Amino acid sequence: MRHILSILVENEAGALSRIAGLFSARGYNIESLTVAPTEDATMSRMTIVTSGSDDVIEQITKQLNKLVEVVKVVDLTEGNHIERELMLVKVRAAGKDRDEMKRLADIFRGRILDVTDKSYTIELTGTGAKLDAFLQTIEPGVILETVRTGASGIGRGERILRI
Amino acid sequence: MELTGAEILIRCLQEEGVEYVFGYPGGAVLNIYDELFKQNRVKHVLVRHEQGAVHAADGYSRSSQKIGVALVTSGPGVTNAVTGIATAYMDSIPMVVITGQVPTAAIGQDAFQECDTVGITRPTVKHNFLVKNVDDLAVTIKKAFYLATTGRPGPVLVDIPKDVSQQKADFSYPKTISLRSYNPVTKGHAGQIRKAVQLLLEAKRPMVYSGGGVILNDAADQLTRLVHLLGFPCTNTLMGLGGFPGTDPQFTGLPGMHGTYESNMAMQNCDVLLAVGARFDDRVIGDPAHFYRADRKIIHIDIDPSSISKRVKVDVPIVGYVGDVLSEMVKQIESSPARPDPVALKAWWAEIKEWQRKDCLRYDRNSKLIKPQFVIQKLYELTKGDAFVTSDVGQHQMWAAQYYKFDKPRRWINSGGLGTMGFGLPSAMGVQLANPNADVVCITGEASIQMCIQELSTCKQYHLPIKIVNLNNRYMGMVRQWQEFFYGNRYAESYMDALPDFVKLAEAYGHVGLKIEQPRDVEGALREALAQKDRLVFLDVITDQTENVFPMVPGGKGLTEMILAEEL
Ligand SMILES: Cc1ncc(C[n+]2csc(CCOP(=O)(O)OP(=O)(O)O)c2C)c(N)n1
C-alpha cells in the first residue's frame with residue numbers, strides 16, 4: 001500500500017543523506033521525497049511517499065524515529081489528509097494543436113507560464129494521480145519535458161505536526 | 001578561557017572521566033596528539049592498526065561500565081577503523097570515536113588522506129558529527145558521550161578537521177545536555193508490564209530468552225531474581241551469556257544455530273516466551289516462519305522500538321530499559337499471591353529434563369587428539385569460571401560459548417552481530433586495561449588470530465598479560481564445517497597452508513609461546529600459562545582437525561531441525 005510519511009527533521013547537514021541512506025540500506029521504496037525548511041529555520045519538513053506492507057511501514061516509521069536528527073514522524077495516510085504535487089510540463093504547441101492544448105490545460109486548472117511559437121510550459125498542481133491523468137491525456141510525442149516535485153502532504157482539520 | 005580545539009577535546013575527555021584513549025597518530029590528528037602529550041590524565045594506548053584501536057575500546061566498554069574511546073587519523077586511519085566501528089554497532093556497544101579530518105577548506109578537494117568519514121561510517125554508527133566550527137566542539141563531544149551511552153547504546157563518531165583542532169574558542173563543558181529530537185522511551189508502560197506479568201503467571205510451559213540488552217543495561221541481577229522467583233527455564237543468547245548464571249540449574253544453555261537441544265526445543269514448544277533485550281536474530285530463531293508457526297504468546301522487553309516485531313510479531317511489547325522493567329515485574333509478582341501453576345511447571349521441567357538427557361554437548365573424551373571442547377572445559381575449571389574470555393569468530397567461538405560457563409555479566413566478550421575475525425586479541429587488550437588484575441583469556445583460531453596478530457606488539461608495550469588459547473585446527477574450521485555438511489567436502493580455500501610457527505612468533509614479539517600437542521599436556525600448559533601473571537602467554541594448541549560444532553541448525557532451517565553429533 002502507498003503511504004505518505006511526514007517527517008520533521010533537524011535542519012542539519014547530513015540529515016537528508018541519513019534518511020535516504022536508511023531507505024536504501026534497508027531496501028525500502030522511495031516513490032518521492034520532498035524537503036524544505038519550515039517557518040522555524042532550524043527544522044525541515046520532509047514528505048516521503050513510500051509503499052509496503054503494514055509491517056514494513058511500521059518498521060520504516062520506527063527506523064526513522066530512531067535517527068537522532070528526526071524529531072517526529074507521522075503517517076498521513078492513517079487519517080484524512082491533503083496531498084499536492086507541482087508539475088511543470090513543456091509541450092509542443094503549434095498549429096491547430098495549440099488551441100487544444102490551451103483548452104486541456106484549462107480543464108486541468110493548469111497555468112501557462114511560458115510561451116514560444118512552438119511550445120507551452122504549463123504549471124499544474126494536484127494529487128499525483130491528477131498529474132498522471134493530464135500526462136495520459138496528451139499524446140506522448142507532444143511532451144517535450146516534465147519535472148515534478150513529488151508529493152507534499154498535510155493533515156486535514158485539526159491534525160497538526162509540530163513539536 | 002580560550003583554548004585550542006585540541007585542548008578543548010582533551011579537557012572534554014577529562015571531564016568525561018576518560019581513562020584511556022586507544023589510537024594511532026597521523027597528520028590530521030597531530031594537534032590532538034600534541035595536547036595528549038602535554039598532560040597525563042588521559043592515557044593513550046598506541047595500537048598497531050586502527051582496527052585494533054576500535055576493538056580495544058570496544059572490549060574496554062564491554063567488560064566494564066565505562067566507555068571506550070578511540071582516536072584515529074583521517075583517510076586510511078578511518079577506513080581501517082570501520083570494521084571495528086561496525087562491530088561495535090552491531091552489538092550496540094557504547095563508544096566514542098574521534099577522527100581527524102583534513103582542514104575544512106580542503107574538504108571536498110580530494111585532499112591528501114581525505115575521505116568522507118561521516119558518509120563512510122554513517123550506516124555503522126548510532127550517530128556521527130563533523131565539527132566545522134571550534135565553538136561547537138565541546139557541546140558536540142558532550143552529545144557524543146550522551147548519545148553513545150543512553151537509550152540503545154552504540155558508537156558515536158566525531159570528525160574534527162585539522163584547522164578546528166587548531167583554532168581557539170572559549171571552553172566550558174556543558175553539565176547536561178538534551179536534544180529535542182532524541183528522547184528514547186526508557187520507562188516501560190505500566191499497563192503492558194501488568195499484562196506481561198499476568199501472562200507469565202498463567203504460563204504452563206514458559207521460557208525466558210535473554211540477550212545482550214541485559215548485559216548492556218546491567219540487568220543481570222534483576223533477570224536472575226525474576227527467573228528464580230518464577231522457577232522458569234532460561235536461555236541466554238551469545239550476546240547475553242552471563243545475564244543469568246551459567247551454572248544455575250534453571251539455565252538451559254545457548255539457543256539458536258549452535259544452541260543446546262533443550263533450549264531450542266523449549267524456545268519452540270513453550271506457551272509463553274519472555275524475550276528480554278534480545279532481537280530474534282536469524283542465528284537464534286532459525287527460519288522465522290517455522291519459529292512463528294508454534295502457538296505461543298511472546299512478551300518482548302527492549303529499549304529499541306524498532307527491535308520489536310521486526311522479525312517476529314510479538315503479543316506484549318514493552319519498550320524501556322530492561323532492568324527497570326524487570327524490577328517492576330519482580331515487584332508486582334512479589335506483592336501478588338499468584339504463582340505459576342506448580343503442576344504444569346513440574347511437567348514442563350520433566351519434558352525439558354528429557355531433552356537434556358540427549359546430552360547434546362557430549363564429545364569423545366578418550367580421543368588421542370586434543371578435543372577443543374576439552375581445552376575450554378579445562379580452562380573453565382582452572383579459572384573457576386571467573387576469567388574474562390574474549391573470542392574471535394569460528395568454531396572456537398561457539399565452543400567457548402558452549403563449554404565455558406559464565407556466571408557473571410561482562411565476562412564473555414565476542415563479536416556476535418558482525419562476526420568479526422580479528423576481534424579477540426585487540427578486544428582483550430581493552431578488557432585487560434579495564435580489569436588490570438583479572439585473568440583475561442583470548443580464545444581464538446589460527447585463522448582469526450592472524451587478522452590482528454600485530455597487536456602482540458601493543459601487548460608487549462603495555463605489559464598486558466593476556467593468555468591466548470589458539471585452538472589450532474589448521475583449518476578455517478567453521479568454513480570447513482559448512483563445506484563438509486553442505487558442499488560435499490569440497491574444502492575450497494579453507495585450509496590455512498603455510499602457517500607460522502606461533503611459538504616463535506610469540507617469542508619474536510617478546511612473549512612466551514607454548515605448543516601443546518597431547519591431551520595429557522593441556523591442563524599443565526594452561527596452569528603454567530595462568531601462573532604467569534605478568535607475561536602474555538601464547539598457547540598454540542594443536543586440536544582435532546575434524547571436530548565439528550554440534551548441535552547445528554542449518555541456515556534457513558527451523559529451530560528444532562537440529563543436526564546432533566550422533567546423526568553423522
Ligand atoms: C573478517 C572475517 N572474514 C571472514 C569471516 C568468515 N569466517 C567465519 S568463521 C571463519 C573461519 C575461522 O577460522 P579460525 O579462526 O581458524 O577458527 P575455527 O573456526 O577454526 O575455530 C571465517 C573465514 C569472518 N567471520 N570474518
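In the text below, chain A, chain B and the rest are named by the order of the sequence lines, each starting its count at 1. Keep in mind the model is a prediction, meaning the values are calculated, not measured.
- The number of heavy atoms from other shown groups lying within 6.0 Å of CD1 (A:Ile138) is above 12.
- Looking at A:Glu58, the atoms closer than 4.5 Å to chain B (heavy atoms on both sides) all sit in the side chain, from C-beta outward.
- B:Asp304 touches chain A through its side chain: at least one heavy atom from C-beta onward sits under 4.5 Å away, while N, CA, C and O do not.
- Only the side chain of A:Gln59 comes within contact range of chain B, with at least one heavy atom under 4.5 Å from a heavy atom of that chain.
- Annotation: cation-pi pair B:Arg311/B:Tyr292 absent, no NZ/CZ under 6.0 Å from the ring centroid and within 45° of its normal.
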Salt bridge (charged side-chain N to carboxylate O under 4.0 Å, His left out) assessment of B:Arg283 paired with B:Asp281: CA-CA 5 Å; B:Arg283 286 297 192 260; B:Asp281 180 80; over 6 Å; no
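- Here the closest non-hydrogen pair linking A:Val71 and B:Ser181 is CG2-CB, 3.6 Å.
- With a 4.5 Å cut-off on non-hydrogen atoms, A:Val68 touches chain B through its backbone and its side chain both.
- Summarising the geometry of B:Met90 relative to B:Leu418, their closest heavy-atom pair is CB-N, 3.7 Å, with the distance given to 0.1 Å.
- The heavy-atom pair separating A:Gly126 from A:Leu131 by the smallest distance is N-CD2, 4.1 Å.
- Although no hydrogens or angles enter the test, the distance criterion places a donor-acceptor pair under 3.5 Å between the side chain of B:Ser61 and the main chain of B:Gly68.
- Proximity to chain A (any heavy atom under 4.5 Å) is shown, for B:Leu130, by neither the backbone nor the side chain.
- With chain B as the partner, the residue from A:Lys66, A:Glu10, A:Arg18, A:Glu69 showing the most heavy-atom pairs under 4.5 Å is A:Arg18.
- In terms of non-hydrogen atom pairs under 4.5 Å with chain B, the most contact-rich of A:Ser17, A:Gly21, A:Ala25 is A:Ser17.
- Within the 4.5 angstrom heavy-atom criterion, atoms from both the backbone and the side chain of A:Thr42 approach chain B.
- Proximity to chain A (any heavy atom under 4.5 Å) is restricted, for B:Lys313, to the side chain, taken from C-beta onward.
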